[in-house]
Each structure stands twice: as C-alpha cells, then as structure tokens.
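No hydrogens, no waters, no symmetry mates; every other heavy atom, side chains included, goes into these values.
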Amino acid sequence: MAQIKIIECPRDAMQGIKEFIPTEKKVQYIQSLLRCGFDTIDFGSFVSPKAIPQMADTAEVLSRLDLSRTQSKLLAIVANTRGAENASQHPEIQYLGYPFSISENFQMRNTHKTIAESVETLQEILNIADASGKEVVAYLSMGFGNPYGDPWNVEIVGEWTEKLSGMGVKILSLSDTIGSSTPEVIEYLFSNLIPKYPKIEFGAHLHTTPTKWFEKVDAAARSGCTRFDGAIQGFGGCPMAKDELTGNMPTEKLLSYFTSKKMDTNVKMMSFEASHNEATKIFSVYH
C-alpha cells in the first residue's frame, strides 16, 4: 500500500483573513492538527508583518505548541534571507518553505523580487537551511499555468526543475496558485518529472473550485505524486491571487480519495474529525 504524505496548511488557510485571529485560537487549532498524524504542518511564516499581518505571531504560536506527542514535522514559509535566519533559530522547525515563481509578474507581487533575484535568495536560503540542519521545500508557483501573460509551457517548468535540482533543491512542490491546472497538465508534468529526477520529492499544492478537486488529485496520484498539500474545508488560498471560487485543496477530499484507493495517509480519522470541527469554529468567526 502506497504511503501518502499529507501536508496540512493552516498558515495558508489563515493568512488572507483580515481580522486578526487571536494567538491562543491559532495555538488551539494547530495543536488539534498535531494529533491527526499529518506528515507535516505548514503552521506559519516568518515574513514581514506588513505583508502578511495575520502571521505576525508565528514565533509566539510556536513557543506555545506542545510537540511532545506528535510525529508531524513543522514547516514555516520564508520570503527572504532574514526570514530564513529567523526561522532557522527554532529547532522545532524542520522545513523552510520558499515560494519561487516562474512568473515574473507573480514573483514581484508575492516577494517584490525579480526571478533572477529570487534565484539568489533561494540559494542563500538553501545555505542557511544546510547550516542549521533544516530542509527547504521550494514551491514552484504558477507551476501549472500563468494568467499574467508571462511565458508558460511544460518545457519552461522542466527547465526550472533542472535548474533548482542543480541548486540542491530536494523537495519541490508544484503549486497551482490560482486553480488554473488541468488534469492533462498535472498528469503530463508529474509523469515526466518524477522519473527524470529521482532525487527530488515532488509535491502537489493544488488550488481548486469545489467541482474540480477529484480530477486534479486523481491526475497527480496516478502520475506518481505522493506528497499533497491541503487545508481543511478548502479554507484560504493565495491572498496575492484572489479568486472567490478558488480555494485550497480540501484535506477531507484528499483523505476520501486515498482511503477509496486503499493508500495510507497515516491520518487518524477521529482526531481529524475533531480538527474539522475546530476549523468550522474558527473560520465561521474569522473570515
């Protein structure tokens, strides 16, 4: 039975919410997620509070989490070397996530850097992670398409995968960002890239409308992808690429898919149900 890694992303679910969610509420929610058996929790980010005010208390949230009885690893998003240095000071964090876009327009929107500058930043973050015993998860945003008019095709995605592999990236998550992926493109990319780069662990960070989730997950899974990002009930999405219909991949949909295929996710369903209820409580108040 194939082992599937589910990365739960409360950070992605919360970051676009304007009203500040109290720190104790975040801690309570993330603590419930730590009981579920997810491979990794994308719990916060070390970025400028001006850019993402909701994540200003990430270090405080981390200090309050009880990690004594969880197998889940923690991932924090960073957008520059300062953020990477801050995150690397925390031994509880295993992964630094860096959003790297192959769209010049989106890279400027997201991190105020050109692609060339972003390549330099990623190399510095890889060095920081290496020195502090952490791993980098690079997110190839606009991995499945580009609405901003920048050049995009599967060959460009392949060229960037080659370059990032050469830089030492070992975990590469292809990111949908605006829900533009189609099953055909998902299947083509994963079925070609996974065999070609056996040293890279490929992930799927898919955004979706409510009716398209199955075909996207199915295309990625059939093509050999075993790492999937999700957010309970599909909350959130990228605040830099807003579309009311497009949200994160609902974790419960991922779980139902892999359960039906008899593929193991290691998630404890009773604990997940409790987290699902916590999510309803938080996101019905703060939205």
Side-chain angles (χ1 to χ4, degrees), residues 1-7 9 38-40 42 73 75 94-103 115 118-119 122-123 125-126 129-130 134-146 150-208 212-230 249 251 253-255 257-267:
M1 192 158 62
Q3 179 64 55
I4 301 295
K5 292 182 180 180
I6 303 288
I7 289 72
C9 304
F38 294 116
D39 181 83
T40 302
D42 173 355
K73 298 174 277 292
L75 180 150
Q94 282 87 1
Y95 297 114
L96 307 181
Y98 181 69
F100 179 87
S101 183
I102 57 175
S103 154
I115 289 178
S118 194
V119 169
L122 175 56
Q123 188 61 67
I125 291 170
L126 285 161
D130 198 41
K134 305 198 185 304
E135 287 188 81
V136 172
V137 178
Y139 294 88
L140 199 69
S141 55
M142 299 297 157
F144 298 105
N146 186 313
D150 301 301
W152 183 93
N153 55 49
V154 292
E155 287 75 24
I156 290 172
V157 177
E159 286 162 14
W160 276 111
T161 302
E162 177 73 30
K163 186 171 181 67
L164 298 183
S165 172
M167 290 170 66
V169 169
K170 292 186 172 61
I171 306 175
L172 184 61
S173 191
L174 301 188
S175 300
D176 205 351
T177 316
I178 53 141
S180 61
S181 63
T182 63
E184 294 76 20
V185 170
I186 292 170
E187 186 170 348
Y188 183 89
L189 286 173
F190 283 123
S191 62
N192 280 279
L193 294 176
I194 290 171
K196 190 174 180 183
Y197 298 96
K199 292 183 178 175
I200 292 181
E201 178 184 344
F202 285 93
H205 183 99
L206 300 168
H207 289 188
T208 185
K212 298 286 180 75
W213 72 269
F214 181 90
E215 60 193 47
K216 295 188 179 198
V217 176
D218 190 53
R222 282 190 292 100
S223 307
C225 183
T226 56
R227 179 188 177 95
F228 289 81
D229 289 11
M249 177 60 68
T251 310
K253 301 297 189 187
L254 289 172
L255 295 176
Y257 176 87
F258 291 117
T259 300
S260 74
K261 299 293 181 184
K262 297 189 164 42
M263 299 166 90
D264 186 20
T265 63
N266 204 40
V267 173

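The closest side-chain heavy-atom distance from Val169 to Thr161 is not below 4.5 Å. Between Lys253 and Phe214, every side-chain heavy-atom pair lies at or beyond the 4.5 Å cut-off. For the pair Val136 and Tyr95, the minimum side-chain heavy-atom distance is 4.5 Å or more. You'll find the side chain of Leu126 stays beyond 4.5 Å of the side chain of Tyr98, heavy atoms only. Considering only heavy atoms from C-beta on, Phe38 stays 4.5 Å or farther from Thr40 through its side chain. Using a 4.5 Å heavy-atom cutoff, the side chains of Glu135 and Leu96 are not in contact. Using a 4.5 Å cut-off on side-chain heavy atoms (C-beta onward), Phe190 and Leu174 make contact. Asp39 has its side chain out of reach of Ile6: every pair of non-hydrogen atoms, C-beta onward, lies at least 4.5 Å apart.
When the side chain to side chain contact (heavy atoms under 4.5 Å, CB included) test is applied to Ala219, the partners found at least two apart in sequence or on another chain are Pro183, Ile186, Glu187, Arg222.
Atom OG of Ser181 and atom CD of Glu215 lie 8.5 Å apart (nearest 0.5 Å). Remark: Thr226 OG1 to Asp264 CG distance equals 12.0 Å, nearest 0.5 Å. The distance from atom CG of Leu206 to atom NZ of Lys216, rounded to the nearest 0.5 Å, is 6.5 Å. For the atom pair CG (Leu255) and CE (Met263), the distance works out to 13.0 Å, reported to the nearest 0.5 Å. Separation of atoms NE2 (His205) and CZ (Phe228) is listed at 13.0 Å; rounding is to 0.5 Å. The distance from the CD1 atom of Ile200 to the CG atom of Leu164 is 7.5 Å, given to the nearest 0.5 Å.
Counted by atom type alone, Asp176 and His207 present zero donor-acceptor pairs between their side chains at under 3.5 Å. A donor-acceptor contact closer than 3.5 angstrom is absent between the side chains of Ser165 and Lys199. Side-chain polar atoms of Tyr188 and Ser223 form no donor-acceptor pair below 3.5 angstrom.
Heavy-atom minimum distance, Ala204 versus Cys225: N-SG, 3.8 Å. Residues Ser173 and Asp229 come closest through the heavy atom pair OG-OD2, 4.2 Å. Contact detail for Thr265 and Gln3: the closest heavy-atom pair is C-NE2, 3.9 Å.
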Leu254/Ile4 under side-chain contact (heavy atoms from CB on, under 4.5 Å): CA gap, chis, key distance, verdict = CA-CA 10 Å; Leu254 289 172; Ile4 301 295; over 6 Å; no
Please test Tyr139 against Ser101 for side chain to side chain donor-acceptor pair (under 3.5 Å), starting from the C-alpha separation and ending with a verdict.
-> CA-CA 8 Å; Tyr139 294 88; Ser101 183; over 6 Å; no
Take Val217 and Phe258 through the test side-chain contact (heavy atoms from CB on, under 4.5 Å) and record every step on the way to the result.
-> CA-CA 9 Å; Val217 176; Phe258 291 117; 4.2 Å; yes
Trace of the side-chain contact (heavy atoms from CB on, under 4.5 Å) decision for Leu122 with Met167 = CA-CA 9 Å; Leu122 175 56; Met167 290 170 66; 3.9 Å; yes
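In this structure, Lys212 places its NZ atom where only 12 or fewer heavy-atom neighbours from other residues, nucleotides or ligands lie under 6.0 Å away.
By the 4.0 Å N-to-carboxylate-O rule, Glu201 lies close enough to Arg227 to be salt-bridged with it.
Counting only residues at least two apart or in different chains, ring-ring contact (aromatic ring centres under 6.0 Å, His included) contacts with residues 152-185 comprise Phe100-Trp160.
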